[in-house]
Amino acid sequence: MGRRSDGGPASGIGLSDWWAGSSDSTNPPPPVRSNGAPTRSSSTPRCVVAPSNRGADTSSRSSSTAPVRSPPMAKAPILTPRAEDFPRWYQDVLNKAQLAESGPVRGTMVIRPYAYAIWERMVEEVDRRIKAAGAENAYFPLFIPQSYLTREAEHVEGFSPELAVVTVAGGKELDEPVVVRPTSETVIGEYMAKWIQSYRDLPLLLNQWANVVRWELRPRTFLRTTEFLWQEGHCAHATEADGHAYAARILHDVYRDFMVEVLGIPVLIGVKPPEERFAGATNTMACEAMMGDGKALQMGTSHELGQNFATAFDITYQDESGEQQLCWTTSWGVSTRMMGGLIMAHGDDRGLRVPPRLAALQVVVLVVKDDDGTVTEAARRLHDELAGAGVRARIDDRVGTPFGRRATDWELKGVPLRIEVGPRDLADGMVTLVRRDSAEKSVVGLDEVVGTVPALLEVIQSALHDEALALRESRTVECATVEEAAAAATEGFARVPWAMLDPAALERLGRDALTVRCVQTPDGGLPERLDDADNVAVVARAY
RNA sequence: CGGGACGUGGCGCAGCCUGGCAGCGCACCUGCUUUGGGAGCAGGGGGUCGCGAGUUCAAAUCUCGCCGUCCCGACCA
C-alpha cells in the first residue's frame, strides 16, 4: 500500500536470426485511442467524479544443426527488441500478447482475460499466504467521507493531489464530498475503533481485495494506473513491537516468499528512507526487484503506522491492568503492478515468459497438423492425462491456422512449455517438448510425457529465477563514493553506505533521477534501525 | 500549468503544401490451396476524415474556434 507503491519451412532459422537481419521497421506503437472516445453529452450527470486539486529455433529440430545465417530479408521483429527501446517493447508485449489495453478514461486499463487469469493466480497464492499469516478477509466501501481523510495530517497531505472526489450524486450536490478510496486506512480505522475493546481483541488482522483510485499524471499500464487492483492488509496491535514484527512477517513470509517462489523474481527487502515512506507511516518496508533494463520496481510494501491512525480514529483497547491504550497499526499491500514486474523481469524479445508455478496455463498441447483426426485424438488424450496429473494444460487444435502463427502466439503469451504433437512424431510414438524460457526442444515418448512434465516445469521455474538473479547480480555494484554510485545506478543497483548519503549526496543523485530504493543491513537483511552505522543504501532508477 | 506534435475503417499510416470519386498495410469475412516456425492466391465487408462554424460551384485538404490524445518539462512515485 504504499502510496505509489505499489512483465519454415526453412528449418534452420532461429528467431534470433530473424532479428539479426535488418529491418528498420519496428512495429508501430500502440497508443491506443484514436478518434473519438465518445464524449458523453448526457446532461444530467448522476454522479460526477472530479480529481481534486491538481488536477525457434527453433526451429531447428535440433539446434545443433541449425545453420547460422541471417536471411537478407528478415521479417520484421514481432516486438520491438528490448535493447532497442525497452518501454516500447513493454507496450508491444501488452498488445501482442493481449494482456491489457488502456481504458476510455486516461490512466485506466482493461485487463484482458489471459492477463487476468495470471492476476487471479497471483491472488490465489498471495491470499493463501495472507491467511496462513492469520489475517482474515473483509470488505470495506469504495466511497469514503472526505472528512475521514483529513483526520490524519500527513495522510491527507500525501494523498489529496491524487484523490478523485465525488461532489454530485443522485442528481444533487452532496453535502459532504465523498472520495473514491485511494487506500483504506481511514475507513478501516473507523471500524477497528468500534470493534476493538480489549487486549483480547488484538491483534486484529484484516485484509481486503479491492480496487483503488489514485489520479495519476503519468500512467503506465500495470505499473501506475489511475485505478488498480490490490490487496490491502490493515492490522491493529497492542504494542509497537508486535506491529513491527507482523509488518516484517508479511514482508518476508507473504511477499518475498510469493515473489521468489512463485513469480520467480528475486527481490531485495529493506526499509524506505523517510522521503519514500507511505503518507502517515512511521516506517515503510518494501520488496524491490530489478527489471530487465536495470531499473528498480517496488513490488510490495509493508508499513508501520505507529499510533498515527490510532490517534486519529481513536483505536484504543483496555489492557490487562484496565488502562486504556492506543493501538499500533500496520498496513501492507501488493497490486496489479506485479503484473508489470512480471513482464519486465521475465520477458524477452519473443514476449512474456510466465514462470510455471504462477502460470494459469502451464502447458499448451499443440496439434501440428491433422489429416485424419488421429493426431488431435492423441493430443486430447495427452492433454487429459496431463490435466489428470494436475498440470494446467490446454489443447490448441486449430489446425486451420498455420503452425508458425500459433507457436508464435503462445510464445508471446509466455506459456512455459509447449508440447508439439504432429504426425511425424506420432509415427514414432513421440512428441516434442519446447521450453519457452530457453527455446530448447526435446523429443519424448508419448508415455513418458506425464512423468516428465512436472519436473521440467520446475526446472523452468528455477531457470527463470536464476536468470533474473544473475542479471541483478551482474548489475549490482558496491560503491564507495557518490559519484561511483551515480554512475553504477544508471545501469542497475548501486550499493553505498547509507551513512554517506547526506542531503547533498541525495540531491546529487536526484539530478540523475536516482533514488534510494531501500536501506538494508550489509548482508541484505531488514535493518532494525534506519541509522545503524553499517546500513547499506540501494540506489537506482525506479519505475 | 509551460513547450512541441498529432486526431482519416478495429490497429498502424499515406493523402493536406497545390481543394475535384477516401486510399495503403495489418486485422476481419468467403473460397481454394496450404499447415513441423509469423501462409499463398482470388474475391469481399467495413470510414459522417475529432467536433462546430466559415470561405468555395466543390473541403480530409484552406480559415477560425472548440474538444481530445501523445511527447518533453514541471509536479508526483
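These numbers come from the heavy atoms of this one structure, side chains and all, not from hydrogens, waters or symmetry mates. Below, read A as the first sequence line, B as the second, and so on, with proteins coming before strands; counting in each chain starts at 1.
Judged by Watson-Crick or G-U wobble contacts below 3.5 Å, the nucleotide U61(B) has no partner. Remark: C76(B) base-pairs with no nucleotide; criterion is Watson-Crick or G-U wobble with both hydrogen-bond distances under 3.5 Å. Across every strand in view, C21(B) sits unpaired, with no contact that passes the Watson-Crick or G-U test at under 3.5 angstrom. For U56(B), there is no paired nucleotide, since no Watson-Crick or G-U wobble pair has both relevant distances below 3.5 Å. C26(B) is paired with G10(B) under the criterion used here, namely a Watson-Crick or G-U wobble arrangement in which both key atom distances are under 3.5 Å. The base-pairing partner of G36(B), taking Watson-Crick or G-U wobble contacts with both distances under 3.5 Å, does not exist among the strands shown. Remark: C16(B) base-pairs with no nucleotide; criterion is Watson-Crick or G-U wobble with both hydrogen-bond distances under 3.5 Å. Of the nucleotides present, U69(B) is the one that pairs with A5(B) by Watson-Crick or G-U wobble criteria, both distances under 3.5 Å.
When the side-chain hydrogen bond (donor to acceptor under 3.5 Å, both in side chains) test is applied to Asp502(A), no partner is found at least two apart in sequence or on another chain. Asn535(A) pairs by the side-chain hydrogen bond (donor to acceptor under 3.5 Å, both in side chains) definition with nothing, not counting sequence neighbours. Residues satisfying the side-chain hydrogen bond (donor to acceptor under 3.5 Å, both in side chains) criterion with Glu385(A), sequence neighbours excluded, are absent altogether. Scanning for ring pair (Phe, Tyr, Trp, His ring centres under 6.0 Å) contacts around Phe86(A) gives Trp89(A), with sequence neighbours left out. Listed by chain and number, the residues in a side-chain hydrogen bond (donor to acceptor under 3.5 Å, both in side chains) with Tyr543(A) are Asp293(A) (sequence neighbours excluded).
Using a cutoff of 4.0 Å between basic side-chain nitrogens and carboxylate oxygens, Arg151(A) and Glu185(A) are not scored as salt-bridged. Looking at Arg277(A) and Glu154(A), no side-chain N of the basic residue comes within less than 4.0 Å of a carboxylate O on the acidic one, giving no salt bridge.
Taking the side chain as every heavy atom from C-beta outward, Gln520(A) and Val538(A) approach each other to under 4.5 Å.
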So which protein N/O to nucleotides 24-31 of chain B N/O distances come out below 3.5 Å?
none

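The side chain of Ile78(A) approaches G38(B) more closely than any other nucleotide in the set G38(B), C75(B), U35(B). Taking only side-chain atoms of Lys441(A), from C-beta outward, the nucleotide of A74(B), G36(B), G37(B) with the closest atom is G37(B). Residue Arg424(A) has its side chain nearest to G36(B) when only A77(B), G36(B), C70(B) are considered. Taking only side-chain atoms of Pro423(A), from C-beta outward, the nucleotide of A39(B), G37(B), G36(B) with the closest atom is G36(B). Checking A77(B), G73(B), G36(B) against the side-chain heavy atoms of Glu276(A) singles out A77(B) as nearest. Side-chain atoms of Thr408(A) lie closest to G37(B) of the nucleotides G36(B), G37(B), A39(B). Taking only side-chain atoms of Pro402(A), from C-beta outward, the nucleotide of A77(B), U35(B), A39(B) with the closest atom is A39(B).
Looking at heavy-atom distances under 4.0 Å, Thr401(A) makes contact with a base. Among the heavy atoms of the strands lying under 4.0 Å from Arg218(A) is at least one base atom, whether or not backbone atoms are also near.
Between C28(B) and C66(B), the distance separating the two C1' atoms is 35 Å to the nearest Å. Taking atom P on both G43(B) and A5(B), the two are 43 Å apart, rounded to the nearest angstrom. Spacing of P atoms, C26(B) relative to A42(B), comes out at 12 Å, to the nearest Å. Only the P atoms considered, A27(B) is 13 Å distant from G38(B), to the nearest whole Å. With both ends at atom P, the span from C75(B) to G20(B) equals 48 Å, rounded to whole Å. Going from the P atom of U30(B) to that of U69(B) covers 37 Å, rounded to whole Å. The separation of G15(B) from C21(B), taken at their C1' atoms, amounts to 14 Å, rounded to a whole angstrom. Across A14(B) and C24(B), the matching P atoms stand 16 Å from one another, rounded to whole Å.
Both Tyr543(A) and Val399(A) lie near RNA chain B, and the one whose nearest nucleotide falls closer to the 5' end is Val399(A). If you find the closest nucleotide of RNA chain B to Gly404(A) and to Arg398(A), the one lying nearer the 5' end belongs to Arg398(A).
For a distance-only test at 3.5 Å, the side chain of Arg406(A) fails to qualify as a donor-acceptor partner of the base of G36(B). Contact of Asp409(A) with G38(B) (side chain to base): no donor-acceptor pair of N or O atoms is detected under 3.5 Å.
Distance, Arg418(A) CZ to G38(B) C1': 12 Å, rounded to whole Å.
The six-membered or imidazole ring of His155(A) lies near that of Phe278(A), with a centre-to-centre distance under 6.0 Å.
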Practice problem: Give the intermediate values and the outcome of side chain to side chain contact (heavy atoms under 4.5 Å, CB included) for residues Glu232(A) and Ser331(A). | Solution: CA-CA 7 Å; Glu232(A) 48 178 325; Ser331(A) 67; over 6 Å; no
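Remark: Arg106(A) is not in phosphate contact with G68(B), judged by side-chain N or O atoms under 4.0 Å from OP1 or OP2.
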